[in-house]
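In each ligand, atom 1 is the first atom listed, and ligand 1 is the first ligand listed.
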Amino acid sequence: MFIYQQLYKTEYQKQNLIIPQILVLNVLTVYFTFNLVSTWQDKMLYINESNVKDILTWEKTFEAVEVAMKRLSSGQTVQMPRTHTIIPGSDNVLLTMPGYLKDEKFGALGCKLVTYFPGNPKRTEALPSINANIMILDEATGIMKAVVAGTEITTQRTSAASAVATKYLYVNQGKACNILAILGTGIQGRIHAEMFRHFFHFQEIRLWNRTKEKAKSLAEELNRKFDTNVFKYYENNESCVRGADVIVTTTASPVHIVHYAWVKPGAHINAVGASRNHFSELDEQLYRNSDLYLDSVETMKPEMAGLDMLTDSLRGEVGAVINKMIPSSPNERPTIFNGGGMAVEDCAVGRAVYDLYHERKI
Ligand SMILES: NC(=O)C1=CN([C@@H]2O[C@H](COP(=O)(O)OP(=O)(O)OC[C@H]3O[C@@H](n4cnc5c(N)ncnc54)[C@H](OP(=O)(O)O)[C@@H]3O)[C@@H](O)[C@H]2O)C=CC1
Ligand SMILES: O=C(O)C1=NCCCC1
């Protein structure tokens, strides 16, 4: 229409029409750009905690974490050390965990935002101490595809990391799975108790907690839930640990709760708890006299105080054992898996949830 009009205008009139035309073009450009952006934004999903709980199975989480560990140790991931934003005068912290994982099935570019507010469970209306969300970004454009609620994922993938480590460092060595001891019965203690029963069929699962009543009621609750009596409440951490084949520590304890003298030769320990550092639940003698495996040596270096003094114990990454790049420990020294928690595990499980969500068209 503007072109048609111009044919019949004088030069003067034509000149005067250029400005309104440019204005119209600008308005149109802004309009289309905005619409394109809102189309991208509209495509960004939020997959909430209920959706995650509905679609994510322990088998899928286990598989995703196993792949993440393997890929990390074969150099197919990028994982930045996480940042800690500590709120002054408190133990409350916001962590950012960016990562990239190359894998057909579980690959993703993502970043987890996770808060650890240890006072949350004691609020009048109890809340989890850990709350998370995982951003999943398009690998070709960098545009955010989805935010996946990450609290259940963090719970499951942390326990799955212990389960993967237990499989490769202990079970695959042909060692017995009679007694499991779990120290700490918060969210991690509970999921470890249920997931390890599911994957490994222990005959006795011992539970100890600083607040004793919680361990007692969890043992009762789980025995009822599974119509069994494998879950046993222990009042004392030493007797809980003595004689156990596999030990899991899931507390924020800044002081040692497991001592070398109590640990059975050849036992396997998963140390999950993260107090001020990832090094406080087990005593130094235990670290020095065990074979130590990490999820990521690079990521744990800045967080695990004292790691540089443990070169004689440090064997490497669980992923390297899975990839058969290093052997596991078939000897009588205990094995320790110190899992710090990895961004690439969150990417892998986040991607799995994203795909499952679309398959099921929730
Ligand atoms: N490595 C990883 O990837 C991850 C590590 N974590 C870490 O695991 C730990 C447990 O997390 P989660 O279960 O979600 O948290 P919860 O808040 O649900 O449970 C905390 C547990 O720690 C115990 N605890 C706290 N302070 C002390 C103390 N001073 N001495 C002994 N026990 C103590 C609590 O006992 P009580 O009931 O008596 O208070 C409870 O058993 C935390 O340290 C957390 O940071 C969590 C997620 C991922
Ligand atoms: O990996 C994680 O996620 C966390 N690790 C340490 C404690 C907070 C959450």
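Atoms of ligand 2 found under 4.0 Å from any heavy atom of Gly341 (numbered from 1 in listed order, with element): 1 (O). Each of the following atoms of ligand 1 lies closer than 4.0 Å to a heavy atom of Gly339: 1 (N), 2 (C). Against a heavy-atom cut-off of under 4.0 Å, Thr154 is close to the following atoms of ligand 2: 3 (O). Each of the following atoms of ligand 2 lies closer than 4.0 Å to a heavy atom of Gly340: 1 (O), 5 (N). Heavy-atom proximity to Lys214, at under 4.0 Å, picks out these atoms of ligand 1: 36 (P), 37 (O), 39 (O). Heavy-atom proximity to Pro254, at under 4.0 Å, picks out these atoms of ligand 1: 29 (N). Shown in contact with Pro121 at under 4.0 Å from a heavy atom are these atoms of ligand 1, numbered in order with element: 17 (O).
Under a 4.0 Å N-O distance rule, the pair Arg288/Asp312 does not qualify as a salt bridge.
The closest approach between a heavy atom of Lys122 and any atom of ligand 1 is below 4.0 Å. Residue Arg157 places a heavy atom under 4.0 Å from ligand 1. Residue contacts with ligand 2 do not include Met342, since none of its heavy atoms lies under 4.0 Å from the ligand. Residue contacts with ligand 2: Arg157 is included, with a non-hydrogen atom under 4.0 Å away.
At under 3.5 Å, a nitrogen or oxygen of Arg210, whether backbone or side chain, sits near a nitrogen or oxygen of ligand 1. Checked against a 3.5 angstrom limit, the closest N/O atoms of Gly189 and ligand 1 fall outside it.
A side-chain hydrogen bond (donor to acceptor under 3.5 Å, both in side chains) with Asp103 is found for one member of Lys70, Arg71, Gln76, Arg351 and no other, namely Arg71. Under the side-chain contact (heavy atoms from CB on, under 4.5 Å) rule, Ile269 has a single partner from Thr335, Val248, Leu169, Val263, which is Val263. Each of Asn120, Thr155, Ile187 was evaluated against Pro128; a single residue qualifies, Ile187, per the side-chain contact (heavy atoms from CB on, under 4.5 Å) test. Of the candidates Lys175, Lys264, Gln203, Asp245 forms a side-chain hydrogen bond (donor to acceptor under 3.5 Å, both in side chains) with just one, namely Lys264.
Residue-level proximity to ligand 1 for Thr250 is carried by the backbone, the only part with a heavy atom below 4.0 angstrom. Both the backbone and the side chain of Thr211 come within contact range of ligand 1, each with a heavy atom under 4.0 Å. Residue contacts with ligand 2, taken as heavy atom pairs separated by less than 4.0 Å, do not involve Glu303 at all. Contact annotation: for Lys112 versus ligand 2, heavy atoms closer than 4.0 Å belong to the side chain alone. With a heavy-atom cut-off of 4.0 Å, Ser129 touches ligand 1 through its side chain alone.
Hydrophobic clustering (side-chain heavy atoms under 4.5 Å, transitive across Ile, Leu, Val, Met, Phe, Trp, Tyr) keeps Leu286 apart from Ile179. Both Met144 and Val78 belong to a single network of hydrophobic side chains, linked directly or stepwise wherever heavy atoms of I, L, V, M, F, W or Y lie under 4.5 Å apart.
The nearest non-hydrogen atom to atom 2 (C) of ligand 1, considering only Asn270, Thr151, Thr158, comes from Thr158. When Gly341, Ser280, Ala252, Pro118 are ranked by how near their heavy atoms come to atom 24 (N) of ligand 1, first place goes to Ala252. Nearest to atom 19 (O) of ligand 1 by heavy-atom distance, out of Ser159, Pro128, Gly184, Gly186, is Gly186. With distances taken over non-hydrogen atoms, the option nearest atom 35 (O) of ligand 1 out of Asn209, Val93, Asn120, Thr185 is Asn209.
Using the six-membered ring where Trp is involved, His259 and Trp262 have ring planes that are perpendicular, over 60° apart on the 30 and 60° scheme.
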- request: Begin from the C-alpha positions of Gln79 and Leu72 and carry the test side-chain contact (heavy atoms from CB on, under 4.5 Å) through to its verdict.
  value: CA-CA 8 Å; Gln79 183 173 267; Leu72 179 115; 3.8 Å; yes
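Counting only residues at least two apart or in different chains, ring-ring contact (aromatic ring centres under 6.0 Å, His included) contacts with residues 54-109 comprise Trp58-His198, Phe62-Phe199.
Proximity of a side-chain donor or acceptor of Glu49 to a complementary backbone N or O of Glu152 within less than 3.5 Å is detected.
Thr61 and Gln156 share a donor-acceptor pair across their side chains, judged by distance under 3.5 Å alone.
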Between side-chain atoms of residues 108-115 and protein atoms elsewhere (two or more places apart, or another chain), which donor-acceptor pairs fall under 3.5 Å?
unit_1: Lys112; atom_1: NZ; unit_2: Thr154; atom_2: OG1; d: 2.9
unit_1: Lys112; atom_1: NZ; unit_2: Asp346; atom_2: OD1; d: 3.2
unit_1: Lys112; atom_1: NZ; unit_2: Asp346; atom_2: OD2; d: 3.2
unit_1: Thr115; atom_1: OG1; unit_2: Asn131; atom_2: O; d: 3.3

